[in-house]
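Atoms within a ligand are numbered from 1 in the order they appear, just like the ligands themselves.
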Amino acid sequence: MHVLHVVGARPNFMKAAPVMHALAKREGVRQTLVHTGQHYNANMSDVFFQQLDMPQPDFNLGVGSGSHAQQTAEIMSLFEPVVVQSQPDIVLVYGDVNSTVAATLVCAKLSFPIAHVEAGLRSFDRRMPEEVNRLVTDQLADLLFTPSADGDENLVKEGIPAHKIRRVGNIMIDSLVRLLPDTDESKAAKACADGFESYGLVTLHRPSNVDDTDSLKPIIKALSNISRSIPLVFPVHPRTRQHLTDLISEDRQDSFRLVDPMGYIDFLALQKSATLVITDSGGIQEESTYLGIPCLTVRENTERPVTVTMGTNVLVGQDMARLQDEVARILAGNGKTGQIPDLWDGRTAERIADELQNWRSRSDSPSHDN
Ligand code: UD1
């Protein structure tokens, strides 16, 4: 079986790595890795390949940044000849970024079977570019690997035949489980938190929070207030960096520490020792639930509701008074505790590899027929 994986942006890498490792151990499996180049900085891409022990991509499309239409179109036109040349038996796409939907559209039109890892998640908010990417990808995929029961339910409601859906668990947690023991060695994490007895960890990169100063300003003001109670470490995404620096007053800079984006192991090291996390990321809501760290999500909704119903996540939306109240609650020792959801066990990649091999060996494998 020839499996072609498509990755492009930072949150894809920790999802593809465990699947590639699991398939590498199977007999008769050949793998091709395509990096679209959606993320291209060393600290947004290369460091993840090293720390996650991923092979160098067989193809790097080098698309870089652009508007959604430009980026998606560029990936499509550069990916098409690659997939035609490679002739894979199945193409694996991950998560919900523009690279995911672009590769899916190309494969669907050329009738290459598609498997979507992390299918079925829904925020029910189509203003989020990722929600559009998820909806389109799931409609076109032939095999849909879901992380939790809500994913299965969403897909069935959207008319996806049940025989295409496989609940395999949370693939991000595979990388987390494998690399957690390495986090004690992270010098970068120690340097970032140097001098702090305890700290909160912040990440923000959703366009709706960071792309215009009117949205970002009240968030930064609240974080600045919070940094009087607990110092904050903030690895800054390049999208956010463009709008941020002048918003933080100089008197707060000691306890509100802006640092460059971090590698996978280094960020995990910072996260596991944090008192609390404030984020608008999807994956970090899940990682903090696994690690049992209280997480305050600066979004009105989440496509990962299990992190709220079972985990440590609280949605504070744009309500910055609520954010500060929730921080106070955590610092008073009353932060939310939670449980680790079913199938978040580090074995998801093995289940995906089993399913792919079953799919391949079945004569009635789902064809690209709808
Ligand atoms: C993308 C994903 C988002 C994911 C995030 C994780 C989509 C629609 N969005 O958002 O779901 O949570 O990645 O990081 O696919 N930039 C650099 N260097 C890089 C990459 C980006 O400087 O290596 C800057 C550029 O100014 C670029 C901006 O960041 O314009 C945004 O990058 P882009 O890939 O468009 O989206 P993200 O915000 O990173």
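For atom 9 (N) of ligand 1, the closest non-hydrogen atom of the protein is Glu130 OE2, 3.5 Å. What sits closest to atom 17 (C) of ligand 1 on the protein, heavy atoms only, is Tyr40 OH, 3.2 Å. Protein heavy atom in closest approach to atom 29 (O) of ligand 1: Arg239 N, 3.7 Å. When only non-hydrogen protein atoms are considered, atom 2 (C) of ligand 1 lies nearest to Val97 CG1, 3.7 Å. For atom 21 (C) of ligand 1, the closest heavy atom belonging to the protein is His39 CD2, 3.9 Å. Annotation: atom 8 (C) of ligand 1 to nearest protein heavy atom, Asn98 OD1, 3.3 Å. In this structure, the protein non-hydrogen atom closest to atom 26 (O) of ligand 1 is Gln242 NE2, 3.0 Å. In terms of protein heavy atoms, atom 6 (C) of ligand 1 is closest to Pro11 CD, 3.5 Å.
Residue contact check: His237 has heavy atoms under 4.0 Å from atoms 14 (O), 29 (O), 37 (P), 38 (O), 39 (O) of ligand 1. Here is the list of ligand 1 atoms found below 4.0 Å of a heavy atom in Ser65: 25 (C), 27 (C), 30 (O). Near His68, meaning under 4.0 Å from one of its heavy atoms, ligand 1 places the atoms 8 (C). Which parts of ligand 1 touch His205 is read off a 4.0 Å heavy-atom cut-off, strictly below it: atoms 4 (C), 5 (C), 6 (C), 12 (O).
No more than 12 heavy atoms of other residues, nucleotides or ligands lie within 6.0 Å of CZ in Arg347, so this atom counts as exposed by the packing criterion. The environment of CD in Glu197 is sparse: at most 12 heavy-atom neighbours from other residues, nucleotides or ligands sit within 6.0 Å.
For the residue pair Asn209 and Asp280, a side-chain donor N or O sits within less than 3.5 Å of a side-chain acceptor on the partner.
Under a cutoff of 6.0 Å and an axis angle of 45°, Arg257 and Phe196 form a cation-pi pair.
For the atom pair Leu232 CG and Ile230 CD1, the distance stands at 7.0 Å (nearest 0.5 Å). Atom CG of Leu61 sits about 12.5 Å away from atom CE of Met76, to the nearest 0.5 Å.
With Pro238, Ala102, Ser45, Gly282 as candidates, the residue nearest to atom 24 (C) of ligand 1 on a non-hydrogen basis is Pro238.
The closest donor-acceptor contact from the side chain of Gln285 to the backbone of Thr307 lies at 3.5 Å or more, if one exists at all.
Pairing each heavy atom of Gln31 with each of Ala24, the nearest pair is NE2-N, 3.3 Å.
Only one option out of Val168, Leu356, Asp174 pairs with Arg351 in a side chain to side chain contact (heavy atoms under 4.5 Å, CB included); it is Val168.
For Met44, every heavy-atom contact with ligand 1 shorter than 4.0 Å involves the side chain, none the backbone. Counting heavy atoms under 4.0 Å from ligand 1, residue Ser281 does not touch it at all.
For Phe49 and Phe13, the ring centers sit closer than 6.0 Å to each other.
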